[in-house]
Amino acid sequence: MTMVVLFHHAQGLTPGIVAFANELRAHGHEIHLPDLFEGATFATVEEGVAHAERTGFDRIVARGVAATEALPADVVYAGSSLGVLPAQKLAQTRPGARGVVLYHGGVPVSTFSERWPDGVPLQLHLMDQDVLGEVDIVEELARAVDGAELFLYPGSAHLFTDSSLDVYDHQATRQVLDRTLELLARVDG
């Protein structure tokens, strides 16, 4: 069993992100789902991003960091879109991370530190035509991290792993879950 901290996307802690977490739980993993928006959810990505801008991205990331303070350091951090910010920051700056899985985005390594920490595996998942996911930045991140696994799925949907949204893609999400579970099995040993 691996402990995973999964940070939600800009639409908030939606039923779809909870369902995704429950899929991982069903395989015996302990999943923590911090609510970066303090209960708020949004109908569109644009509304959620506007909320994050009003709140402040630094404050959103700080909420994510604070949510992990009582947890052990040897966890896997995961984030969906906006949630990649606290996940990646923690993986790069909190010693002990067992891995990081980023869904629908990522930022350059230099955003949080000079280099990626040794021995921390990185897995990335997004659609190959996802404009919001900034595929070019994610590809750059993958090249910067030794052994990074970048999985590009055909399509342009941004939050395709959220079953509560119209852009949900069951087949691609099944692949994402299978690959995430493979990583969790590798770091559990």
Side-chain angles (χ1 to χ4, degrees), residues 4-27 29-57 59-61 63-64 67 76-91 99-107 122-139 141-142 149-184:
V4 179
V5 181
L6 174 59
F7 296 102
H8 63 76
H9 51 68
Q11 289 183 250
L13 199 52
T14 63
I17 198 95
V18 173
F20 189 89
N22 286 339
E23 285 283 331
L24 299 174
R25 281 189 184 107
H27 288 84
H29 301 289
E30 181 179 341
I31 312 298
H32 295 265
L33 270 173
D35 188 347
L36 303 173
F37 284 176
E38 300 175 332
T41 58
F42 300 92
T44 68
V45 171
E46 295 76 17
E47 290 173 12
V49 169
H51 172 76
E53 288 172 343
R54 285 190 303 274
T55 303
F57 289 104
R59 189 170 180 193
I60 299 289
V61 172
R63 287 178 183 169
V76 171
Y77 298 105
S80 179
S81 190
L82 174 73
V84 305
L85 295 172
Q88 191 172 329
K89 177 181 173 116
L90 285 158
V100 63
V101 185
L102 304 179
Y103 308 107
H104 319 297
V107 295
L122 170 63
Q123 198 176 79
L124 302 129
H125 302 268
L126 72 160
M127 288 197 161
D128 59 3
Q129 301 299 311
D130 179 357
V131 175
L132 293 175
E134 300 180 311
V135 175
D136 57 333
I137 291 174
V138 172
E139 288 174 331
L141 173 59
E149 296 176 291
L150 171 59
F151 298 104
L152 296 173
Y153 304 86
S156 61
H158 183 52
L159 301 175
F160 69 90
T161 59
D162 187 319
S163 61
S164 64
L165 303 178
D166 290 342
V167 296
Y168 177 65
D169 183 319
H170 175 76
Q171 182 178 347
T173 300
R174 188 73 255 154
Q175 288 182 301
V176 170
L177 284 163
D178 289 346
R179 290 167 170 161
T180 299
L181 290 166
E182 288 171 11
L183 174 73
L184 296 179

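Heavy atoms only: backbone and side chains are in, while hydrogens, waters and symmetry mates are out.
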Legend entry - Contacts of type side-chain contact (heavy atoms from CB on, under 4.5 Å), residue E47, not counting sequence neighbours: F42, A43, T44
Inset, instruction - Please identify each residue that fulfils side chain to side chain donor-acceptor pair (under 3.5 Å) with R179, with sequence neighbours left out. - result: Y153
Inset, instruction - May I ask you to decide whether E38 forms a salt bridge with R63, counting only side-chain N to carboxylate O separations under 4.0 Å? - result: yes
Legend entry - Criterion side chain to side chain contact (heavy atoms under 4.5 Å, CB included) on F7 and L82, from CA distance to verdict: CA-CA 8 Å; F7 296 102; L82 174 73; over 6 Å; no
Inset, instruction - Sequence neighbours left out, what passes side-chain contact (heavy atoms from CB on, under 4.5 Å) with V138? Give chain and number order. - result: L124, L126, L150
Legend entry - Expected output: side-chain Q129 to main-chain P154 donor-acceptor under 3.5 Å: no
Inset, instruction - With sequence neighbours left out, write down each residue that passes side-chain contact (heavy atoms from CB on, under 4.5 Å) with T14, or none if nothing qualifies. - result: H9, Q11, I17, D162, S164
Inset, instruction - Ignoring hydrogens and angles, tell me if any N or O in the side chain of D128 forms a donor-acceptor pair with the backbone of S156 under 3.5 Å. - result: no
Legend entry - Under the side-chain contact (heavy atoms from CB on, under 4.5 Å) test, residues paired with A67 that sit two or more places apart: P34
Legend entry - D178: partners by side chain to side chain donor-acceptor pair (under 3.5 Å), with sequence neighbours left out: R174
Legend entry - Side-chain H-bond candidate by donor/acceptor type, E53 with H51, under 3.5 Å: no
Inset, instruction - Examine distances only and state if a side-chain atom of H125 and a backbone atom of Y103 form a donor-acceptor pair shorter than 3.5 Å. - result: no
Inset, instruction - May I ask you to check whether H8 and S80 show a side-chain donor-acceptor distance below 3.5 Å? - result: no
